[in-house]
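In what follows, a structure is listed as structure tokens, so that the remarks can point back to it.
Quick caveat: nothing in here was measured; it's all calculated off a predicted structure.
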Amino acid sequence: MSKKNKTAISPTRDENYPEWYQQVIRAADLAENAPVRGCMIIKPWGYALWENMQASLDKDFKKTGHKNVYFPLFIPKSYFEKEAKHVDGFAKECAVVTHSRLEASSEGGLAPAGELDEPLIVRPTSETIIGEAFARWIQSYRDLPLLTNQWANVVRWEMRTRLFLRTSEFLWQEGHTAHATEEEAMAETKQMLDIYVNFVENMLAIPVIPGRKTESERFPGAEETLTFEAMMQDRKALQGGTSHFLGQKFAKASDITFMDKDGQEQYAWTTSWGVTTRMIGAMVMVHSDDNGLVLPPRIAPSQIVILPILKDDETKEKVLEYCESLKAELENKAFGDGFLNVEMDTRDLRGGEKLWHWIKHGIPMFLEIGPRDVDSNALVVGRRDKDPKERGPQSREEFLSTVVDQLEEMQQGLFDKAKAFQQEHTVRIDTKEEFYKFFTPKNKEKPEIHGGFALAHWNGSAEVEEQIKKDLKVTIRVIPNNSEAEEGKCVITGEPSKQRVVFAKAY
RNA sequence: CGGGGUGUAGCUCAGCCUGGUAGAGCGCUGGCUUUGGGAGCCAGAUGUCGCAGGUUCGAAUCCUGUCGCCCCGACCA
């Protein structure tokens, strides 16, 4: 029974990162593939994470004056055709509804019937249909700014899908706002990015690099796309969310106009911004280890699980009683915006099996309590951010007085660890040779984990972006906000550049 | 849509080449023994072998067609 080197998840991250990711999700019961191609079934433990994300972000949105709305799933094709670049960007991945009923077919079974006059597009995003409403709602500068958000599902018919990271249907929020001036709309775009970055760093403990996208990576139809990028444990980049300054493009497409103070009719300035269930995938890939999911305490559905050790009928009752009272005390402790959530697992399973179940589910803290602990008024505490072997006894009193601090320390620890990893694999590169070497695996047949973020100078041309994408599958992930002005030479062409940008392979 | 692969128990797969009517491991159910690091033994349940034709006395196995899925490319939160 040598479990010393055995990991709960196989393969390990080093052996096969993509497969490891799938196995972590499966072992943690977050989600599974649905019978419908490219779609997922989100299971209770996974959906609870999404609910916690929703609750946190929704509060931030409301605090900054946004109101929730709901628009239809279906968008008339004619609406969608209004903005040319938008069409270019999304047309290839739209699901289209063309019929309104089913009839018995001659081959048996059912066949679509009742063809619609105008096909309906299942929304890949809602700019166009919300624009139509904004045009009616907005008449005067007094109607501005108009600040809305909706929680919804969208469909983008993807070729290749992976649970949470890319699915044909996914859940998200999309904010849509309209403003009287360019400055105000730009300020909104930036504010929402700040809210996202703050959320992701503080709640999900994922360090990110905020900035803006290059023209080729922008949202179809946007004038500016702000974004934040995070580094996964395979050193690839994952775009977390985006905030778009749409200029007056969509206002012109949907005819969103208003009368300004001087009685002049003007086009409004609009923004849109969103984050998706992809955040769950990011969290899995940033924090989890070879024993399964690791959840930051603030976003975990429950922070603590109590595992009573029920040896015999004699002691069973007193152990359970002790655990119940401990649970009640813990649930009275303030944590985050509410109170601690505590699970109690009294299933009739062997202790080891039960413990590993919760380790794989990523619960931040687990308490093993048996008759010995009850007698000494103590408990055995284990933390998910440490080796399972390291767990040890604490007195009940000591534990209760430090538990919240311990969880906060864990939250911060996960962030610090991820930040250190990101910094360790972020390098400044100044020659083309070094750049190509950085992004080329040693073993081409079975690429090892390699590369990372390269901070390099860029001449600003789309040709260079295309070349490195073709040669190395590397893209410019973000032009960082905090990157200091620095004279340099484009790492590919040698042409002058004023700032370093982040190059990486991406999800 | 191009190239490759695959479909057998809830899951992972063997069996196919060389036809004889279905297997393993895991999981599940029950019993006994265990229990502070993923238990052991025993007993059980579970399948129109993706679908439709064909060859044959007989097809999971051979042939034809068809559908689904997976991997690699182009596209993407």
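- Lys82(A) forms a cation-pi arrangement with Tyr79(A), by the criterion of a distance under 6.0 Å to the ring centre and an angle within 45° of the ring axis.
- Minimum heavy-atom separation, Val284(A) to Trp20(A): O-CH2, 3.9 Å.
- Of the P atoms belonging to C57(B) and C49(B), the separation is 23 Å, rounded to the nearest Å.
- The pair Arg477(A)-Glu217(A) meets the salt-bridge criterion, since a charged nitrogen lies less than 4.0 angstrom from a carboxylate oxygen.
- Regarding contacts with the backbone of G73(B), a side-chain N or O of Lys473(A) is found under 4.0 angstrom from either OP1 or OP2.
- Separating the CG atom of Leu226(A) from the P atom of A77(B) is a distance of 15 Å, rounded to the nearest angstrom.
- Taking the P atom of each, A22(B) and G47(B) are spaced 12 Å apart, rounded to whole Å.
- With both pairing distances under 3.5 Å, G36(B) is matched to nothing as a Watson-Crick or G-U wobble pair.
- Val380(A) comes within 4.0 angstrom of a nucleotide base, judged by non-hydrogen atoms across all strands.
- Using a 4.0 Å cut-off between charged nitrogen and carboxylate oxygen, Asp194(A) and Lys190(A) do not count as a salt-bridge pair.
- A residue-by-residue look at Gly370(A) and Arg477(A) shows that Gly370(A) has its nearest nucleotide of RNA chain B further toward the 5' end.
- On the C1' atoms, U56(B) is 12 Å away from G20(B), given to the nearest whole Å.
- For the C1' atom pair drawn from A52(B) and G10(B), the interatomic distance equals 27 Å after rounding to whole Å.
- Using a 4.0 Å cut-off between charged nitrogen and carboxylate oxygen, Lys43(A) and Glu32(A) count as a salt-bridge pair.
- Distance CH2 (Trp151(A)) to C1' (A77(B)): 14 Å, rounded to an integer number of Å.
- Using a 5.5 Å limit on the distance between ring centres and a 30° limit on the angle between planes, the aromatic ring of Phe170(A) counts as stacked on the six-membered base ring of A77(B).
- The gap from the P atom of U55(B) to that of C11(B) amounts to 34 Å, rounded to the nearest Å.
- Between the CZ atom of Arg218(A) and the C1' atom of A77(B) there is a distance of 17 Å, rounded to whole Å.
- Salt-bridge annotation for Glu229(A) and Lys213(A): present, with a side-chain N of the basic residue lying under 4.0 Å from a carboxylate O of the acidic one.
- Here the nucleotide nearest the side chain of Glu353(A), chosen from C75(B), G36(B), G38(B), is G38(B).
- A gap of 16 Å separates the C1' atoms of U12(B) and C69(B), to the nearest Å.
- A salt bridge does not link Asp234(A) to Arg13(A): none of the charged nitrogens lies less than 4.0 Å from a carboxylate oxygen.
- To the nearest angstrom, P of A77(B) lies 14 Å from CD of Glu174(A).
- Comparing C11(B), G38(B), C75(B) against the side chain of Glu158(A) picks out C75(B) as the nearest.
- Residue Arg350(A) places none of its side-chain N or O atoms closer than 4.0 Å to OP1 or OP2 of U35(B).
- The separation of A9(B) from G65(B), taken at their C1' atoms, amounts to 28 Å, rounded to a whole angstrom.
- The partner of G73(B) is C1(B), judged by Watson-Crick or G-U wobble contacts that both fall below 3.5 Å.
- As a whole-Å value, the separation of Trp157(A) CH2 from C1(B) P is 14 Å.
- Pair assignment for U66(B): G50(B), on the basis of Watson-Crick or G-U wobble contacts that are both within less than 3.5 Å.
- Rounded to an integer number of Å, the gap from CD of Glu93(A) to C1' of A77(B) is 9 Å.
- Nucleotide C57(B) is matched to G20(B) when pairs are restricted to Watson-Crick or G-U wobble geometry with both distances under 3.5 angstrom.
- Nucleic acid contact class of Thr167(A) (heavy atoms, under 4.0 Å, all strands): base.
- One interatomic measurement links the two molecules: CD of Glu19(A) to P of C72(B), which rounds to 12 Å at whole-angstrom precision.
- Residue-level contact check: Ile309(A) touches the bases, meaning some heavy atom is under 4.0 Å from a base atom.
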Exercise. What's the verdict on ring-ring contact (aromatic ring centres under 6.0 Å, His included) for His176(A) and Phe71(A), showing C-alpha distance, side-chain angles and the deciding distance?
Worked result: CA-CA 11 Å; His176(A) 295 272; Phe71(A) 279 79; 7.8 Å; no

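- The residue among Gln239(A) and Asp373(A) whose nearest nucleotide of RNA chain B is located toward the 5' end is Asp373(A).
- Straight-line distance between the P atoms of G7(B) and A77(B): roughly 35 Å, to the nearest whole Å.
- As rounded to whole Å, 15 Å separates atom P of A77(B) from atom CD of Gln173(A).
- Leu310(A) comes within contact range of no nucleotide atom at all, as no heavy-atom separation falls under 4.0 Å.
- When heavy atoms are screened at a 4.0 angstrom cut-off, Gly351(A) is found touching no nucleic acid atom at all.
- Contacts of Thr276(A) with the nucleic acid, taken as non-hydrogen atoms under 4.0 Å apart, include base atoms.
- Across all strands shown, Pro371(A) has heavy atoms under 4.0 Å from base atoms, whether or not it also approaches the sugar-phosphate.
- The partner of G30(B), taking Watson-Crick or G-U wobble pairs whose two distances both stay under 3.5 Å, is C42(B).
- At the heavy-atom level, Arg162(A) lies nowhere under 4.0 Å from the strands shown.
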